[in-house]
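Below is one structure, written out as structure tokens; the observations come after it.
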Amino acid sequence: MPSPPQAASTSNAITFGRVGDDGTVYVRDGEEERAVGSYPEASNEEALAYFARKYDELAATATLLEQRLGQTEISANEAREALKALRDQIGEANVVGDLPALRERVTALEVAVKDRQRAETEQRAQAKAEATTVREALVAEAEKLAASDVHQIQWKTASARMRSMLDEWRGLQKKGPKLDKDVENALWHRLSTARSAFDKARKAFFSELDTQHAEAKRTKEKLVAEAEALSTSKDWGSTAGAFKRLMQEWRRAGRAQRADDDALWERFRSAQDAFFNAKDEVVAAENEEFEANLAVKEELLKEAEALLPVTDLEAAKSQLRTIQDKWDDAGKVPRKDMSRVEGRLRKVEQAVRDIEDAKWSRSNPELNARAQSMVEQLERAVQGLEQDLEAARATGNDKKIAQAQAALDGRRQLLDAARGGLSEFGS
């Protein structure tokens, strides 16, 4: 038996029904009319309102699904289930209302659900493609690391990155979109292969490095032994050269393990320091003597430089020889001053030598004869050019006159220079 009457329907659903004389309620469904039931002991209006409310409930269910499809992220599967339930309820529902309109709404909902299904499919495909791209980039990075030059790669950083890539892969498997099985398997195979190649290269590199360290250690132990044997030598020059050679061999030997290398270097440096500290003490004592020698030579330089400019060549040569003898007797000067003082004395010696050479040149009969011959040749040439100039003037040709004048002027300059050189021979 129907429940007691409730509030009347707020829609126009009752306009699609009527109550027969026997109390049966009918609904108009398109061009047809069918009975939907009765409501005993109720008025016709109450009976129609009861069946109209049942229609309103179905319409409200359709409205709610429409709103959820338009305003929320309801999944296509959930919407499809809700639509199926609504469709089953409508069926041959015993309600009074606009059933054709309700069915049209259901048809529109079916289209909306299909659109939602299509959008979800596209989103899943896009998400799968993006996830594939992310994993391909991860695999490509791993392959690049595995193919890196073993002598250039930063192993600590690279190993940490390789481990983190594996963690990233597992995280993508748990939280990210699922890839197609064949795609995921192929990418995992590439990642696994890259990791294996990386591990193999790392082990081979460090094995080779261990071998190099051991060889460097053996070499440096020999160098240390040799350095320690030389540390007490008093043969300063040759031993200093030997230490220089040992240092070059040390650099070429490469590095041993850090602890071994540091310990060996400490021994090598201690031996080296022992020798050079002893050498420096001897050099310091020598430098005291050399500083005194320097003072003597500074005074000799003053005497030598006072000879310039030379006015009496023979006297200058005699005084210079005396200075040179004293210079040799004075002994060594500090290394830092050697070039400076030697250079100053060389300048004085060269100046005296240049004057002596010039005097010899002026007294050379052969050179004098050549200079006289040159002057005579130029004088004849000048005479001939003077005649050419007179001839050009006679023609009145300005161009020929200018050419003849230029030739004559040039030859006269050469003649003046030659006469000046000849006068030096006569001085």
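All residue numbers refer to positions in the sequence shown, counting from 1. Since this is a predicted model, take the numbers as computed values, not measurements.
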Task: Counterpart residues, side-chain contact (heavy atoms from CB on, under 4.5 Å), relative to Gln117 (two or more places apart) - done: Ala76, Arg80, Thr121, Arg124
- [ ] Keeping the roles fixed (side chain from Thr15, backbone from Asn12), state whether a donor-acceptor pair exists under 3.5 Å.
- [x] yes
Open item on the list: Run the side-chain contact (heavy atoms from CB on, under 4.5 Å) test on Leu320 and Gln324 for me, step by step, so that the C-alpha distance in whole Å, both residues' side-chain angles and the decisive distance to 0.1 Å come before the verdict.
Closed with: CA-CA 6 Å; Leu320 183 58; Gln324 288 169 331; 4.0 Å; yes
Task: Pairing residues for Asp180 by the salt bridge (charged side-chain N to carboxylate O under 4.0 Å, His left out) criterion, not counting sequence neighbours - done: Lys128
Task: ring-ring contact (aromatic ring centres under 6.0 Å, His included) pairs, two or more places apart, involving residues 244-264 - done: Trp250-Trp265, Trp250-Phe268
Task: Heavy-atom closest pair, residues Leu102 and Ala62 - done: CD1-CB, 4.1 Å
Open item on the list: A side-chain contact here means heavy atoms from C-beta on lying under 4.5 Å apart; do Arg190 and Glu143 qualify?
Closed with: yes
TODO: For salt bridge (Lys or Arg N to Asp or Glu O under 4.0 Å), just list the numbers for Arg53 and Asp56, CA-CA rounded to whole Å, side-chain angles, deciding distance to a tenth of an Å, and then say yes or no.
DONE: CA-CA 5 Å; Arg53 283 196 302 275; Asp56 288 343; over 6 Å; no
TODO: Could you grab the distance from atom CZ of Arg28 to atom CG of Asp98, nearest 0.5 Å is fine?
DONE: 8.5 Å
For residues 254-264, dump all side-chain donor-acceptor pairs below 3.5 Å to protein atoms at least two apart in sequence or in another chain.
unit_1: Arg255; atom_1: NH1; unit_2: Asp261; atom_2: OD2; d: 3.3
unit_1: Gln257; atom_1: NE2; unit_2: His213; atom_2: ND1; d: 3.4
unit_1: Asp261; atom_1: OD1; unit_2: Lys220; atom_2: NZ; d: 2.7
unit_1: Asp261; atom_1: OD1; unit_2: Ala256; atom_2: N; d: 3.0

Open item on the list: Within the structure provided, determine whether Leu48 and Glu45 are in side-chain contact (heavy-atom separation under 4.5 Å).
Closed with: no
- [ ] Inspect the contact between Lys222 and Glu249 and indicate whether a charged nitrogen and a carboxylate oxygen are less than 4.0 angstrom apart.
- [x] no
- [ ] State plainly whether the residues Lys84 and Asp88 are in salt-bridge range, i.e. N to O under 4.0 Å.
- [x] yes
Task: Arg267 versus Ser270, side-chain donor and acceptor atoms under 3.5 Å - done: no
Task: Between Gln126 and Glu130: side-chain donor-acceptor atoms closer than 3.5 Å - done: yes
Open item on the list: What verdict does the side-chain contact (heavy atoms from CB on, under 4.5 Å) test give for Phe51 and Val19, after you've listed the backbone C-alpha separation in whole Å, the side-chain angles of each residue and the deciding distance to 0.1 Å?
Closed with: CA-CA 11 Å; Phe51 287 101; Val19 181; over 6 Å; no
- [ ] Work out which heavy atom in Ala82 is nearest to a heavy atom in Leu65; give both atom names and the distance.
- [x] CB-CD1, 3.9 Å
TODO: For Phe290, check ring pair (Phe, Tyr, Trp, His ring centres under 6.0 Å) against everything at least two apart and list the hits.
DONE: none
Side-chain atoms of residues 292-301: list all donor-acceptor pairs with protein atoms under 3.5 Å, sequence neighbours left out, distances to 0.1 Å.
unit_1: Asn293; atom_1: ND2; unit_2: Ala330; atom_2: O; d: 3.3
unit_1: Asn293; atom_1: ND2; unit_2: Lys332; atom_2: O; d: 2.7
unit_1: Lys297; atom_1: NZ; unit_2: Gly331; atom_2: O; d: 3.0
unit_1: Glu298; atom_1: OE1; unit_2: Arg344; atom_2: NH1; d: 3.3
unit_1: Glu298; atom_1: OE2; unit_2: Arg340; atom_2: NH1; d: 3.1
unit_1: Glu298; atom_1: OE2; unit_2: Arg340; atom_2: NH2; d: 2.9
unit_1: Glu299; atom_1: OE2; unit_2: Lys302; atom_2: NZ; d: 3.4

Task: Sidechain-backbone polar pair: Arg116 side chain, Ile74 backbone, donor-acceptor under 3.5 Å - done: yes
Task: Partner set under side-chain hydrogen bond (donor to acceptor under 3.5 Å, both in side chains) for Gln272, not counting sequence neighbours - done: none
Task: Over 12 foreign heavy atoms within 6.0 Å of CE, Met165 - done: yes
Task: Any residue meeting salt bridge (charged side-chain N to carboxylate O under 4.0 Å, His left out) with Asp199, in chain and number order, not counting sequence neighbours - done: Arg202
TODO: Kindly give the heavy-atom pair with the smallest separation between Leu191 and Ala142, and that separation in Å.
DONE: CD1-CB, 3.6 Å
Task: Qualifying residues under side-chain contact (heavy atoms from CB on, under 4.5 Å), relative to Lys244, sequence neighbours excluded - done: Gln248
Task: Any Leu345 side-chain heavy atom under 4.5 Å of Val341 side chain - done: no
Open item on the list: Run the side-chain contact (heavy atoms from CB on, under 4.5 Å) test on Ser318 and Glu314 for me, step by step, so that the C-alpha distance in whole Å, both residues' side-chain angles and the decisive distance to 0.1 Å come before the verdict.
Closed with: CA-CA 6 Å; Ser318 177; Glu314 293 304 320; over 6 Å; no
Task: side-chain contact (heavy atoms from CB on, under 4.5 Å) between Asp354 and Gln350, intermediate numbers included - done: CA-CA 6 Å; Asp354 289 344; Gln350 187 62 50; 2.8 Å; yes
Task: Glu57 versus Gln89, side-chain donor and acceptor atoms under 3.5 Å - done: no
Open item on the list: If I take atom OG from residue Ser231 and atom CG from residue Asn277, how far apart are they, to the nearest 0.5 angstrom?
Closed with: 11.0 Å
Open item on the list: Within the 3.5 Å criterion, strictly below it, is a donor on Thr63 or Arg105 matched to an acceptor on the partner's side chain?
Closed with: yes
Open item on the list: For a quick check under 3.5 Å, do Asp409 and Gln413 share a side-chain donor-acceptor pair by atom type?
Closed with: no
Open item on the list: Tell me whether Arg346 is salt-bridged to Glu349, with the criterion being a basic N under 4.0 Å from an acidic carboxylate O.
Closed with: yes
TODO: Not counting sequence neighbours, which residues clear ring pair (Phe, Tyr, Trp, His ring centres under 6.0 Å) with Trp236? List them please.
DONE: Phe275
- [ ] Output every pair passing salt bridge (charged side-chain N to carboxylate O under 4.0 Å, His left out) with a member in residues 67-77, not counting sequence neighbours, ordered by first then second residue.
- [x] Arg68-Glu78
Task: Which atom of Lys336 lies closest to which atom of Glu291, heavy atoms considered - done: NZ-OE2, 3.9 Å
Open item on the list: Could you report the tightest heavy-atom contact between Ala35 and Asn94, atom names first, then the distance?
Closed with: O-OD1, 4.4 Å
Task: Atom of Glu136, atom of Leu187 and distance for their closest heavy-atom approach - done: CG-CD2, 3.6 Å
Open item on the list: For Arg161, is there any backbone N or O sitting under 3.5 Å from a side-chain donor or acceptor partner on Ser164?
Closed with: yes
TODO: Compute the centroid of each ring, for Phe243 and then for Phe276, and state whether the two points are separated by less than 6.0 Å.
DONE: yes
TODO: Report the distance from atom CG of Leu109 to atom CG of Leu83, rounding to the nearest 0.5 Å.
DONE: 5.5 Å
Open item on the list: Within the 4.5 Å heavy-atom criterion, are Tyr39 and Asn44 side-chain neighbours or not?
Closed with: no
Task: CE-CG distance between Met162 and Leu145, expressed to the nearest 0.5 angstrom - done: 5.0 Å
Task: Trp169: ring pair (Phe, Tyr, Trp, His ring centres under 6.0 Å) partners, not counting sequence neighbours - done: Trp188
TODO: Working to the nearest 0.5 Å, report the span between OG of Ser159 and CZ of Phe198.
DONE: 3.5 Å
Open item on the list: Quick check for you: to the nearest 0.5 Å, what is the distance between Ser196 atom OG and Lys200 atom NZ?
Closed with: 10.0 Å
Task: Backbone of Asp235 reached by a side-chain donor or acceptor of Lys279 within 3.5 Å - done: no
Open item on the list: Within the structure provided, determine whether Asp29 and Arg103 are in side-chain contact (heavy-atom separation under 4.5 Å).
Closed with: yes
